[in-house]
Each structure stands twice: as C-alpha cells, then as structure tokens.
Amino acid sequence: MNLQDFRPAALGQALRPNVWDLVALILVVGIMVLIAYGGEQTTLPLSALDTAPVSLDPIHLPFYALRTTMRMLLAIVCSTVFTFVYAALAAKSRRLEMVLIPLLDILQSVPILGFLTFTVVFFLNLFPGQVLGAELACVFAIFTSQAWNMTFSMYQSIRNVPKDLEEASQSFHLSGWQRFWRLDVPFAMPGLIWNAMMSMSGGWFFVVASEAITVGNTTVTLPGIGSYVALGIQEKDLPAIGYALLTMLLVIIAYDQLLFRPIVAWADKFRFEQTASGEAPTSWVLDLFRRTRALRGLTFPLAAANKAISTLHLRLPKGLTKVKRGAPSRILDAAWLALIVAGTGYAAWKAYRYLSANLDASDVAIALGDGVLTLIRVVVLIALASLIWVPVGVWIGLRPKLAERIQPLAQFLAAFPANLAFPVFVVLIVRYGLNPNVWLSPLMILGTQWYILFNVIAGASAFPTDLREAAGSFHLTGWRWWIKVILPGIFPYYVTGAITASGGSWNASIVAEVASWGDTHLTAKGLGAYIAAATEAGDFPRVVLGIAVMCILVTLFNRLLWRPLYAFGERRLRLG
C-alpha cells in the first residue's frame, strides 16, 4: 500500500462493503447472539437448576451443547493466557524453572476430582445462590484438563528455538519483550495450536465429571452434554447416548471449521523453513474474511495496536534473562535451592501432620499398592499408544491436505469420553466373566493417547521442508530415514506428548477404573478407583492421601524417565 491509498477517495473505496461483508456479518452476529443467550443463563439463581432439571429429551440438546461449548471456550481462553505467562516464566528464568516445571508435573497429575473436591464449595460461596458460582467451578475443572499440555508445548518450543534465529534476534538488538512476541510466540505457534485442539478434546473427555458434580453431600448438575450423558448412563438409555454422540460430532465440526481450521491456516506462515512449503492448509472462513472490505477495515486499529505492543522496547527483569555463571550466581542458586527445599519440606510436614491425625500406616500401604497397579497400566498403555500413533502422526503431519481432512475426526475421537464406552465394556465384562482389572484398562487410554498423536502431528507439520529435501538428496529412505531424519526432528514434540499423555492417563484412571451402566458397577483395583470412592464418600483425608500418592508417582516417573529423554532431545535439536 502506497501513500495514495490513504486519500479519502481511495480509503472509502477500500472500505466499501461487498457481498462477503454481508455473509461474514451474518456469521459474526449469529455467534454473538448465541454467546449472549448462553451468558444470560449464568445470571439465574441456583434454584433454577432444580426447577429445570436435565432432561433426556433430545430437543434440549442444542441448548445443552451451547452451554457446554461456552464453558469449554472460556476455559481454553483462560488456558491460553495461563500458558503464555507460565511457559514464558519457566523457559526464560532458570531459577523459576526449578520451581515451575516440577509444580506443573504435580498440577497435571492432580485428578480433576481432586480439584473439584476443594474448589466447588469455594466457587459456590463466591457467588452464593447463583448459577455463576457453579459455572465457574465447572470452567475451572475444564481448565485443569486443558492448560497443562498447552503449557508444556509452549515451554518446549521456547526452549528449542534454533540458534540461528536466536543469533538473528540478537543482531537486530531485540529487547526481551520484542523477542518473545517476534520470535518465541511465532515459533511456538504450530505446536501450541495442535495442543489447543487437543485441550478442547480433553475438556470433552472430562466434561461428564465437571458438569455432574458430586462431592460428599454437595451435588450440582449443570445443563450440558456432560450431565446429559451422566443421566443417560444412569437411566441405561442407549438412544440418548447416541444423540449425545451425534451432538458432540456436530459441535466439534462447527468449532473446527469456525475456529481451529482458520487458525491452522493462518499460523502456517510461522513454519520455520528456508524453502517454500509444497502444500499450505486452507480455510473457507479465513478466505471469507480476507475477501471482506468493511470488516477487514474495522480490524486495522486492532492490528496497529498489536504491532505497537509487540514492538515496545521493554527490558524484561534480569531474572527472565540468561544468568551469567559466576560466583554470585552460584550463591544465589544455592540460596534459591535452599528456599525451595525448605518450602517443600514445610508442605510435606503439614501434609504428614494432617494425614497422620486421620489415617494410619495401613491406609498409606493400600494407597501405594493401588498406585503401583495404576502405574503399570499407564506404562503399558503409553508404550502401546506410542507404537501405534507415532507412525500415524508422522504420516498425517507431513501431508497438510490430509491433516485438514483428518483434523475434525481426530478431535472427535480425542473428545470421546470414556463414560460413553461404559455400556459396551460393562456388558462384555459381565456377560463373559472377564477380569475388570484388565479389561477396564483400555478406557484409560481413550482420551490420552491423542496427546501423543496431536504432538507428533504438530512436530511433523513443523518439520522444515528443506530438511526433507536434503534427506531426499542423500537418498535416506526406510529405517535410515526414520532414525536419522524424522524421529530426531519430532522427538521433543513426542516427549511433550508422552509427558502430558502420562499425566492424562493418571487423570483418566479416576473415570476408567470405576465403570457403571445403570445399576451395574464395576471397579478395577487402582489409585483412580481409590480416589473416586473417597471423593464420593466425602472422605477428605483419603482424597488428600490418594492425590499425594498420585502426585509423587507421576513426578518421580517424569523426573526419572521423561525429563532425561526431554533433555536428550533438546540437546540433539540444539546441536543440530
């Protein structure tokens, strides 16, 4: 655009509405009306949930779908803000990383029922007598199923920014703020988007537990697809389960087309490569808004504000820059480490005092034994999921057009709640006299194997085309291509997916180790069933013990296996 384009006549011509403006305006206004109508329901008194209980009549499903989708979208917005702040602090500050990453391991291992146990009453008291309190409790529960894998993904991307890009940012004298918005965020964007899609699907996986909440004597049932599914399982209504599945599929297709596919197509420009990509993802929604005139004109102030903010020459605090290795640094590191150890010891002592006053050594032994059983299930299932989904993810990620077609299907499969598989598993186990400890285990992987698939797709999608061409010129094929080229390239993404899949599997054990269909209840011995039983009984000491054991086992598993693998992959990538 040259100076003549800013003349009043030229500007008026550029902003004159066209037919695409009309189509886009109808789409935008329709979405805004739906959001306003759904938001209005949160202002109702809490007693409205009793006067209008959840019904299995499918005519209510569009309204339930709207309520559930709004909760999940609000949770994903909160997760994105959390990700940008938390991942940046962990990646930029070595001392903060010592606290934030172990804390993130603990947070992702705390089951959703653990959060609900201690937050439902808080949010209900925050807005007494209002639906808004219960809605916030539900949104927070969904947030805890979405935020951690997004944070791990962005942290991994910021840590693995190629050295030549770092050197380029230094040569341009970018400030810490400018580097974050001009380098770190664009480089992290492909992986972050695929993890955001996985997070939305992860929210569906736990939506039954978050909308139909029972903690001790407190029971709150919010209208939504999750509570509809819970009621359908309780009533053994197979047609209702089918209606819920169909509604989920339509909703996932809708937000894939309206939200994620435009973002994926827009973010393709952030791929790190030196040659042109053969195929670029497309989106009819993005093309529609690019063809508008007036609506695009309204975005000019926002674009200008975004550019002004991202180019601010702000200096980040010294704690968020690289710390020089010297005597003062070692002294500060020792003091900081001592403070961490003291804080951890104090928290452990308080937990010990609380548990020892209510439980004895036999309770701890039972919880540890159940934890070991769940750990075995997690290890076996993650290994099987890796063998299956790593090749599939590479195959999809290297083919953008195929990824476009697979995207909504993968989101739907990842969103499939384990509860919806209860009828099949319960009936088969009861009919053939199968062992629940073995045959309920696959339910754990239903919603967690997709963390591996989505991260591998993200890694393969971000794999530079010039490296693929170089591998072709050296005639690297077959196993040599896998071992020398693609596996090292996607390894950090795989480890990120495996870490979050591991934490997700522990979380899913709460749902998967206790299956119900009508009056038939099956239980697999494990830590998930232990926590679920304690939560239902309102037994807070055993809930705390179960969560503590789960956090310890997950943290040790991550520290002893995944973190060394993560560091190895990071060194390989940085050296390459």
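Quick note: residue numbers are just sequence positions, from 1. Please read all numbers here as calculations on a predicted model, not as lab measurements.
Looking at Tyr494 and Asn455, their side chains never come closer than 4.5 Å, going by heavy atoms from C-beta outward. Residues Leu359 and Val364 fail the side-chain proximity criterion, which asks for heavy atoms closer than 4.5 Å. Counting heavy atoms from C-beta on, the side chains of Pro102 and Arg559 come closer than 4.5 Å. Looking at heavy atoms from C-beta onward, Ser199 lies in side-chain contact with Ile76 at the 4.5 angstrom threshold. Side chains of His60 and Pro223 form no contact here, defined as non-hydrogen atoms less than 4.5 Å apart. Two residues are said to be in side-chain contact when any heavy atoms from C-beta on lie closer than 4.5 Å; Leu545 and Tyr530 meet this criterion. By the 4.5 Å heavy-atom criterion applied to side chains, Tyr155 and Tyr86 are not counted as neighbours. Under the 4.5 Å side-chain criterion, counting only non-hydrogen atoms from C-beta, Arg67 is not in contact with Ile225.
Under a 3.5 Å cut-off, the side chain of Asp360 and the backbone N or O of Asp363 do form a donor-acceptor pair. Proximity of a side-chain donor or acceptor of Ser509 to a complementary backbone N or O of Trp506 within less than 3.5 Å is detected. Using modelled atom types, no side-chain atom of Asp256 and backbone atom of Ile252 make a donor-acceptor pair closer than 3.5 Å. Of the possible polar contacts, one joining the Ser79 side chain to the Ala75 backbone as a donor-acceptor pair under 3.5 Å is found. Judged purely by atom type and a 3.5 angstrom limit, Thr374 uses its side chain to pair as donor or acceptor with the backbone of Leu527. Checking side-chain atoms of Thr68 against main-chain N and O of Ala65 turns up no donor-acceptor pair under 3.5 Å.
With a 6.0 Å radius and a threshold of 12 heavy atoms from other residues, nucleotides or ligands, Trp481 has its CH2 atom above the threshold. Remark: Trp395 CH2 is loosely packed, at most 12 non-hydrogen atoms of other residues, nucleotides or ligands lying under 6.0 Å away. Within 6.0 Å of atom CZ in Phe63, more than 12 heavy atoms from other residues, nucleotides or ligands are found, so the atom counts as buried in its surroundings.
In this structure, Tyr228 has its ring center at least 6.0 angstrom away from the ring center of Tyr243. The aromatic ring centroids of Trp148 and Phe82 lie less than 6.0 Å from each other.
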Inset, instruction - Go through Tyr493 and Phe463 one step at a time and tell me if the side chain to side chain contact (heavy atoms under 4.5 Å, CB included) criterion holds. - result: CA-CA 11 Å; Tyr493 292 88; Phe463 193 77; over 6 Å; no
Inset, instruction - Evaluate side chain to side chain contact (heavy atoms under 4.5 Å, CB included) for Glu211 paired with Val229, printing each intermediate quantity in order. - result: CA-CA 10 Å; Glu211 290 182 349; Val229 169; over 6 Å; no
Inset, instruction - Decide yes or no on side chain to side chain contact (heavy atoms under 4.5 Å, CB included) for Ile490 and Val390, but give the supporting numbers first. - result: CA-CA 9 Å; Ile490 67 168; Val390 168; 4.3 Å; yes
Inset, instruction - Give the C-alpha distance, both sets of side-chain angles, the deciding distance and a yes or no for side chain to side chain contact (heavy atoms under 4.5 Å, CB included) between Val544 and Tyr354. - result: CA-CA 9 Å; Val544 173; Tyr354 174 74; 4.0 Å; yes
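Across all their heavy atoms, Leu553 and Val372 have their closest contact at CD1-N, 4.3 Å. The two atoms that bring Ala532 and Val514 nearest to each other are CB-CG2, 4.1 Å, heavy atoms only. Of all non-hydrogen atoms in Pro492 and Asn160, the two that sit nearest each other are CB-ND2, 3.6 Å. For Leu96 against Leu89, the heavy-atom pair with the smallest separation is CB-O, 4.0 Å. Closest approach of Ile101 and Ala90 over heavy atoms only: CD1-CB, 3.8 Å. For Ala147 against Thr83, the heavy-atom pair with the smallest separation is O-OG1, 3.9 Å.
The line from CG of Leu192 to CE of Met197 is 10.0 Å long, rounded to the nearest 0.5 Å. A distance of 13.5 Å separates CG of Asn149 from CE of Met154, quoted to the nearest 0.5 Å. To the nearest 0.5 Å, atoms CG (Leu136) and CG (Leu74) are separated by 8.0 Å. Note that CE of Met248 and CD1 of Ile253 are 11.5 Å apart. Values are rounded to the nearest 0.5 Å. Distance check: Ser145 OG to Met72 CE gives 7.5 Å after rounding to the nearest 0.5 Å. Separation of atoms CD (Gln449) and CD1 (Ile382) is listed at 9.0 Å; rounding is to 0.5 Å.
Contacts of Lys236 classified as salt bridge (charged side-chain N to carboxylate O under 4.0 Å, His left out), with partners at least two apart in sequence or in another chain: none.
By the 4.0 Å N-to-carboxylate-O rule, Arg377 lies close enough to Glu513 to be salt-bridged with it.
A ring pair (Phe, Tyr, Trp, His ring centres under 6.0 Å) with Trp194 holds for exactly one of Tyr451, Phe454, Phe260; it is Phe454.
The aromatic rings of Tyr255 and Trp204 lie parallel to each other, with less than 30° between the two planes, well short of the 60° mark.
In the model, Ser227 has no side-chain atom that pairs as donor or acceptor with a side-chain atom of Tyr64 under 3.5 Å.
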